[in-house]
Amino acid sequence: MSEPKKLYIKTYGCQMNVYDSERMSETLGGQGYVETKSPEDADMILLNTCHIREKAAEKVYSELGRFKGLKAEKPDLKIGVAGCVAQAEGEEIMRRQPLVDLVVGPQSYHRLPEMEAKTRTGAKALDTDFPEEDKFEKLKNRPKAKRGPTAFLTVQEGCDKFCAFCVVPYTRGAEVSRPADRIIREAQDLVERGVREITLLGQNVNAYHGAGPNGDMTLAGLIWELNKVDGLERIRFTTSHPNDMADDLIEAHGTCNKLMPYLHLPVQSGSDRILKRMNRSHTAESYLRLIERIRAARPDIVMSGDFIVGFPEETEEDFQATLDLVQEVKYGYAYSFKYSTRPGTPAAERSQVDPDVADDRLQRLQALITQHQREIQDAMVGRKVSVLFEKPGRLAGQMVGKSEYLHSVHVSDADVAVGELRDVRITNSGANSLAGKLI
Ligand code: SAH
Ligand code: SF4
Ligand code: F3S
C-alpha cells in the first residue's frame with residue numbers, strides 16, 4: 001500500500017474558518033490525505049486566510065514566501081490558498097506569488113478534490129465562484145473519528161449588512177442559511193463522536209432563517225430543536241448583530257436550559273454620528289436598551305463585544321461616547337481593533353484618523369475593557385459554576401475547562417476526565433483564568 005499523502009492546513013481569522021478547515025481536511029481525506037502538523041512533511045500546504053484587516057492579508061504573503069525553500073526541495077509539493085484572501089484577490093495571488101498552485105474561495109471548498117487532481121497534472125487551479133449548491137452537504141463528514149468535547153457548526157454564512165468598513169459581504173457573499181434538518185443531523189453526529197458543546201456559527205448568526213418542517217425557522221427555533229438532542233449539554237452562538245436580536249432569542253436566554261449565559265454582540269462604536277457613518281443602522285441608545293432587555297431575561301449573562309477605534313472622522317468626543325458605552329455595559333470580554341482601511345469598502349475613501357491618535361485611543365479603550373473583564377472574573381470567586389473539562393492543564397494533575405460564562409477554569413488533583421461536566425466552586429482568580437475545586 002502506498003503511504004498516505006500529507007496535508008498541512010494553517011487557519012487564520014474567525015471561527016468560521018476553523019470550521020471550514022475541518023471540512024476541507026475531511027474532504028481531502030477522501031483523496032487519501034491525512035493531516036500533519038509540520039509543513040516540512042506535507043505534500044500539500046493550505047493556508048485558510050482572513051482579509052478582515054490589512055495585517056491579516058499581508059501575513060499570508062509573508063507566510064507563502066517562507067515555503068519557497070520547501071517547494072525547491074520537493075517539486076511535488078502543492079501550495080493552496082483558501083479563505084477570504086483567496087476570494088478577495090483570486091488570480092492576483094498567483095501573480096504575486098507564483099509558487100501558489102491552487103486558489104479556492106470559501107464557497108467552493110467542495111470542489112477541492114477536482115482542483116487538487118488538476119494541480120497534480122501540473123496545472124494551476126482557481127475557483128472563486130458563488131455556486132448555488134449547499135457546499136456543506138457535499139462536504140459531508142467522511143471519517144467518523146472521535147472528537148473533543150466542543151465543536152463549531154456553521155448554520156449561516158455571508159452578510160447583507162454592508163457596514164462601511166467591512167469586507168465580509170464581498171468575501172463571503174450574500175446571507176444564506178442552511179436547512180434546519182441538516183444542522184440537527186450534523187449536531188447528532190457530533191454528539192455521537194463525543195461532542196457535548198456546540199457553538200453555532202454565522203457572520204450574522206442571529207439572522208438565521210433556515211428551512212424547517214413548517215416554513216422558515218429562526219435561530220431561537222433552531223436552538224430549541226437542538227435543546228432536544230440527547231447528550232448535547234451546551235449551546236452557544238456567534239456572531240450576532242444587534243438589529244437581529246429577535247424577541248424569541250432574548251426569551252430563549254431566560255428559558256432554554258442548554259443555552260449558555262454568554263452573548264457576543266458587537267456594537268463597534270458608542271457614537272451615533274460614527275454608527276451612522278459605519279452604516280450600522282442602530283444607535284448607542286437602542287443597543288443599551290437591547291442589553292437591558294437581555295439582562296432582564298437572563299440577569300447573570302456575560303456580555304462580549306467588538307469595537308473599532310479611529311474610524312474615519314472619529315473625534316475625541318465620538319471616542320468618549322464609546323468609553324461611556326463600555327462603562328455602562330461592562331463587558332466580560334471585548335475585542336477592540338484599530339480601523340484598517342480595506343480597499344473597495346466605502347470608508348476607505350474617507351478622511352483617515354491620524355494613526356498615533358488611533359493608537360492612543362485603542363490603548364485607553366483596552367485599559368477600560370481589561371479593568372471590567374478583571375472585575376467580572378474576580379466576582380466569580382466563591383461562586384458555583386459548571387465546567388466542561390476540555391484538556392489537561394500545564395501542571396501535573398491539573399484539568400482545564402470552560403464555565404458557562406466562557407471563563408477558563410482549572411482544578412488540581414481532581415479525578416475528572418475530558419468531556420465531563422462538573423460543578424466547581426471558584427476559589428481564585430488569576431490573570432487569565434479561574435481556579436476552583438470540584439463540588
Ligand atoms: N460579523 C461579525 C464580525 C465580523 S468581523 C459582526 O458583524 O459583528 C469581526 C470584527 O472585526 C468586527 O466586529 C469589527 O469589530 C472588526 N473589523 C471588521 N472590519 C474591520 C476593519 N476594516 N478595521 C478594523 N476592524 C474591523
Ligand atoms: Fe461585516 Fe457588518 Fe456584516 Fe458584521 S454585520 S460581517 S461587521 S458587514
Ligand atoms: Fe476573516 Fe473572512 Fe472570517 S475576512 S474574519 S476569515 S469571514
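Every value quoted in this text rests on a predicted model; they were computed, and no experiment measured them. Remember, it's 1-based here, ligands and their atoms both numbered in the order they're listed. As a basis for the values below, the full set of heavy atoms in this structure was taken, side chains included, without hydrogen atoms, waters or symmetry mates.
Residue contacts with ligand 3, taken as heavy atom pairs separated by less than 4.0 Å, involve Arg172 solely via side-chain atoms from C-beta onward. Under 4.0 angstrom from ligand 2, there are no non-hydrogen atoms of Thr239.
None of the N, O or S atoms belonging to His51 lies under 2.8 Å away from atom 2 (Fe) of ligand 3.
Close approach of ligand 2 to Pro169 (heavy-atom distance below 4.0 Å) involves ligand atoms 8 (S). Taking every heavy atom of Cys84 and a limit of under 4.0 angstrom, the matching atoms of ligand 3 come to 2 (Fe), 4 (S), 6 (S), 7 (S). Which parts of ligand 3 touch Asn17 is read off a 4.0 Å heavy-atom cut-off, strictly below it: atoms 6 (S). For ligand 2, the atoms lying closer than 4.0 Å to a non-hydrogen atom of Phe165 are 7 (S). In summary, the atoms of ligand 2 found under 4.0 Å from a heavy atom of Phe162, numbered by their order in the structure, are 8 (S). Listed by atom number, the atoms of ligand 3 under 4.0 Å from Gln203 heavy atoms are 7 (S). Residue Asn204 has at least one heavy-atom neighbour below 4.0 Å for each of these atoms of ligand 2: 3 (Fe), 5 (S).
The protein non-hydrogen atom at the shortest distance from atom 2 (Fe) of ligand 2 is Cys163 SG, 2.3 Å. For atom 3 (Fe) of ligand 2, the nearest protein heavy atom (residue, atom name, distance) is Cys159 SG, 2.3 Å. Atom 1 (Fe) of ligand 2 has Cys166 SG, 2.3 Å as its closest protein atom, hydrogens excluded (heavy atom only).
Between Arg342 and Glu54 there is no salt bridge, since none of the side-chain N atoms of the basic residue sits less than 4.0 Å from a carboxylate O of the acidic one. A salt bridge is absent between Arg120 and Asp76: the closest approach of a Lys/Arg side-chain nitrogen to an acidic carboxylate oxygen does not fall below 4.0 angstrom. Note on Asp189 versus Arg147: no salt bridge recorded, every NZ/NE/NH1/NH2 to OD/OE distance being 4.0 Å or above. Under 4.0 Å is where a charged nitrogen must lie from a carboxylate oxygen, and between Glu375 and Lys330 no such pair does. The pair Lys5-Glu116 meets the salt-bridge criterion, since a charged nitrogen lies less than 4.0 angstrom from a carboxylate oxygen. By the 4.0 Å N-to-carboxylate-O rule, Glu316 lies close enough to Arg361 to be salt-bridged with it.
Contact analysis leaves Met16 out of contact with ligand 3, as no non-hydrogen atom separation drops below 4.0 angstrom. The closest approach between a heavy atom of Arg342 and any atom of ligand 1 is below 4.0 Å.
Note that atom 16 (C) of ligand 1 has protein non-hydrogen atoms nearby, at separations under 4.0 angstrom.
When each of Lys258, Arg196, Lys402 is checked for a salt bridge (charged side-chain N to carboxylate O under 4.0 Å, His left out) with Glu233, only Arg196 meets the rule.
Ring-centre distance between Tyr8 and Tyr33: not below the 6.0 Å cut-off.
A 4.5 Å side-chain heavy-atom check between Ile294 and Ile301 finds at least one atom pair inside the cut-off.
A side-chain donor-acceptor contact under 3.5 Å links Tyr405 and Arg383.
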